[in-house]
> 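Quick one: the structure is below, questions incoming.
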Amino acid sequence: MQSRLPEPGTDERAHSDRLVQLLHQTIAAQGPLPFAQYMERCLYAPGLGYYSAGRTKFGAAGDFVTAPELGEMFAGCVVNAVQPTLASLGKEADFLELGGGSGAFAETALKALAASNTLPRHYLILEPSADLRERQRERLLANLAPEINARVRWLDRPPEADWCGVLFANEVIDALPATRFTVRDGEIFEEHVSFDSNGRLQRIDCPADALVSGAVRHIERDLGTRFVDGYRSEVLPQLPLWIQAIAGALTAGIMLFVDYGYVRREFYLPERDDGTLMAHYRHRAHNDPLYLPGLNDLTASVDFTAVAEAGKSAGFDLAVYLPQASFLIGAGLQDIFQSMQGEAGDDRAAYQLAQQVKRLMLPDQMGERFQAMLFTRGLDTPPLPVDLFAADQSARL
């Protein structure tokens, strides 16, 4: 697998070596790291983690492409879905985006909100990466009017004071540090990362603590079966606390997550016995999270049943759950496409629009692999497009 990956440059390899040295020092002092802690350092270690360093992540020059990077249709549909809520909440409503990426979503969303005269009081971006924050700032300053830019704020932590509005996260939950577990002789073990006698990174299993064991046993009870010996997968025991932390102060509004994943019974299929963990390097996906730490995006698919449980435990009502294709159709993709097609200047532009729709909608692209889950709180009647309710698949959870 590694032999088919692009060879890193000298600077890239030196960067990864510095992170490996930091990991070595940590493990020498503390012992083997739970995989979730290893993943957290690989993604977010200051100056060294994948999202904390300066290399391009998004788009053709990076390692992967997200829906907002494809063009304006995705963000336009999200705005269609949430605009009635912002309008109903009035001038005090805010929009909070978790992990702003390149700033592509914020740029398109703010333009669309301005065009519909429903700009939020503040457009908040919770972005832990100083590098990405600066890229976002430069993009918005270059492409938005000053009066729109004046509403944008960057946050270091979730809002603590009560607020109302919309919380949106695209491909965020998949990047939460995942706990890897396995079963041996009926007991739960947690995957850790250490170094072998030759100084190479290796994965080892240690007895799981009560939190991890409890999370795995909860899944087994919900599925009505025990995992067989040797089964290995991921779980996010911190998910309820995470949702409470990011959205606990949202007193009225909606919370929308879009990510790739499955309902629980599909996530933990017997044949998916090594989990869903993947590494992404220069548009290649591979399954070795120990390869070139700091240069790969590490992700795991989302158990949307767990997201529904965590949202409800945080005091939210589940409104709709549906594949991305159904969400986009219900949020007006056809009208947006026809409008943009009418404005296309030539055949090439029209072709690019058609390709964008295919990437967003086809089942083997993003249409079925990605799911949308929308929660509400403090709204008597959620002002959502009726077509979203008609396509709701929450009964599958």
Side-chain angles (χ1 to χ4, degrees), residues 66-68 70-89 93 95-98 105 108-109 112-113 115-116 118 120 164-173 243 247 250 252-263 266 302 304-312 314-340 356-357 359-363 365-397:
T66 64
L70 296 174
E72 298 180 357
M73 289 187 215
F74 177 81
C77 289
V78 171
V79 168
N80 280 351
V82 305
Q83 183 269 342
T85 297
L86 290 173
S88 70
L89 292 172
F95 190 112
L96 170 59
E97 181 184 1
L98 304 186
F105 178 86
T108 302
L113 289 166
S116 65
T118 50
C164 66
V166 173
L167 184 153
F168 171 68
N170 180 62
E171 292 197 53
V172 171
I173 299 178
I243 287 187
L250 177 59
I254 60 179
M255 180 167 65
L256 172 61
F257 298 110
V258 180
D259 223 313
Y260 48 91
Y262 313 91
V263 298
E266 295 173 357
V302 176
F304 273 95
T305 303
V307 179
E309 292 171 345
K312 290 176 182 177
F316 286 84
D317 297 316
L318 177 60
V320 292
Y321 165 72
L322 64 177
Q324 176 174 292
S326 299
F327 170 78
L328 296 177
I329 291 171
L333 177 68
Q334 183 174 351
D335 290 341
I336 293 175
F337 173 66
Q338 290 176 345
S339 175
M340 294 178 69
Q356 186 182 154
V357 171
R359 287 287 301 273
L360 292 171
M361 298 291 291
L362 287 178
Q365 297 286 324
M366 294 181 173
E368 295 291 335
R369 292 178 54 242
F370 282 70
Q371 313 289 309
M373 181 168 277
L374 200 152
F375 296 90
T376 66
R377 180 154 70 181
L379 302 175
D380 294 333
T381 303
L384 299 171
V386 294
D387 288 344
L388 294 182
F389 291 109
D392 178 38
Q393 297 185 14
S394 59
R396 297 180 56 235
L397 296 165

> So do Met373 and Val302 actually touch side chain to side chain, heavy atoms under 4.5 Å?
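In short, these two side chains do not touch, never coming nearer than 4.5 Å.
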
> Which atoms form the tightest heavy-atom contact between Leu167 and Ala247, and what is the distance?
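Reported closest heavy-atom pair: CD1-CB, 4.0 Å.
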
> Please name all residues satisfying side-chain contact (heavy atoms from CB on, under 4.5 Å) with Gln83, sequence neighbours left out, ordered by chain then number.
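In terms of side-chain contact (heavy atoms from CB on, under 4.5 Å), with neighbours along the sequence ignored, Gln83 is linked to Val79, Ala87, Ser116, Thr118.
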
> State, yes or no, whether a side-chain contact exists between Phe370 and Glu171 at a heavy-atom distance under 4.5 Å.
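Yes; the side chains approach each other to less than 4.5 Å.
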
> With sequence neighbours excluded, tell me which residues meet ring pair (Phe, Tyr, Trp, His ring centres under 6.0 Å) with Phe257.
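None.
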
> Quick check: closest heavy atoms across Ala372 and Val258, and the distance to 0.1 Å?
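Taking Ala372 first and Val258 second, the nearest heavy atoms are CB-CG2, 4.1 Å.
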
> CD of Gln356 to CE of Met340: how many Å apart, nearest 0.5 Å?
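If we round to the nearest 0.5 Å, Gln356:CD and Met340:CE are 5.5 Å apart.
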
> Can you list every salt bridge (charged side-chain N to carboxylate O under 4.0 Å, His left out) pair that touches residues 321-331, not counting sequence neighbours?
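Every pair satisfying salt bridge (charged side-chain N to carboxylate O under 4.0 Å, His left out) with a residue in residues 321-331: there are none.
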
> Looking at every non-hydrogen atom in both residues, tell me the closest pair between Leu89 and Ala252 and how far apart they are.
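In terms of heavy atoms, the two residues are closest at CD1-O, 3.7 Å.
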
> Who pairs with Glu309 by salt bridge (Lys or Arg N to Asp or Glu O under 4.0 Å), at least two apart in sequence or on another chain?
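Glu309 satisfies salt bridge (Lys or Arg N to Asp or Glu O under 4.0 Å) with Arg264 once adjacent residues are dropped.
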
> Return the set of residues passing ring pair (Phe, Tyr, Trp, His ring centres under 6.0 Å) with Phe316 (not counting sequence neighbours), or none when no residue passes.
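So Phe316 forms no ring pair (Phe, Tyr, Trp, His ring centres under 6.0 Å) with any residue.
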
> Below 3.5 Å, can you tabulate the donor-acceptor pairs from side chains in residues 382-392 to any protein atom, sequence neighbours excluded?
residue	atom	partner	partner atom	Å
Asp392	OD1	Tyr321	N	2.8
Asp392	OD1	Ser394	N	3.1
Asp392	OD1	Ser394	OG	3.3
Asp392	OD2	Ser394	OG	2.7

> With side chains defined as the heavy atoms from C-beta onward, is the minimum distance between Gln371 and Val307 less than 4.5 Å?
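The answer is no; the side chains never approach within 4.5 Å.
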
> Looking only at heavy atoms, which two atoms of Leu318 and Ala308 are closest? And how far apart?
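In this case the closest contact between Leu318 and Ala308 is CD2-CB, 4.2 Å.
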
> For Met255, run the side-chain contact (heavy atoms from CB on, under 4.5 Å) check against Val166, Leu98, Ile243, Thr376 and tell me which one passes.
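Of the listed options, the one satisfying the test is Ile243.
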
> Compile the donor-acceptor pairs under 3.5 Å between side chains in residues 323-339 and protein atoms, sequence neighbours left out, one pair per line.
residue	atom	partner	partner atom	Å
Gln324	NE2	Leu360	O	3.1

> Please report the shortest heavy-atom distance between Leu256 and Val78, naming the atom on each side.
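Residues Leu256 and Val78, closest heavy atoms: CD2-CG1, 4.0 Å.
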
> Identify the heavy atoms of Leu113 and Pro120 that sit nearest to each other, and give their distance.
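So the two residues come closest at CD1-CD, 3.8 Å.
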
> What pairs of residues pass the salt bridge (charged side-chain N to carboxylate O under 4.0 Å, His left out) test when at least one of them lies in residues 367-383, not counting sequence neighbours?
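Salt bridge (charged side-chain N to carboxylate O under 4.0 Å, His left out) check on residues 367-383 returns no pairs.
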
> Nearest 0.5 angstrom please: Thr305 OG1 to Tyr262 OH, how far?
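Going from OG1 on Thr305 over to OH on Tyr262, the span is 13.0 Å.
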
> State whether the side chain of Asp259 and the backbone N or O of Ile173 hold a donor-acceptor pair below 3.5 Å, judged by distance alone.
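Yes; at least one donor-acceptor contact below 3.5 Å.
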
> My understanding is that only residues two or more places apart in sequence, or in another chain, count here; which of them pass ring pair (Phe, Tyr, Trp, His ring centres under 6.0 Å) with Phe375?
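Phe375 satisfies ring pair (Phe, Tyr, Trp, His ring centres under 6.0 Å) with no other residue.
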
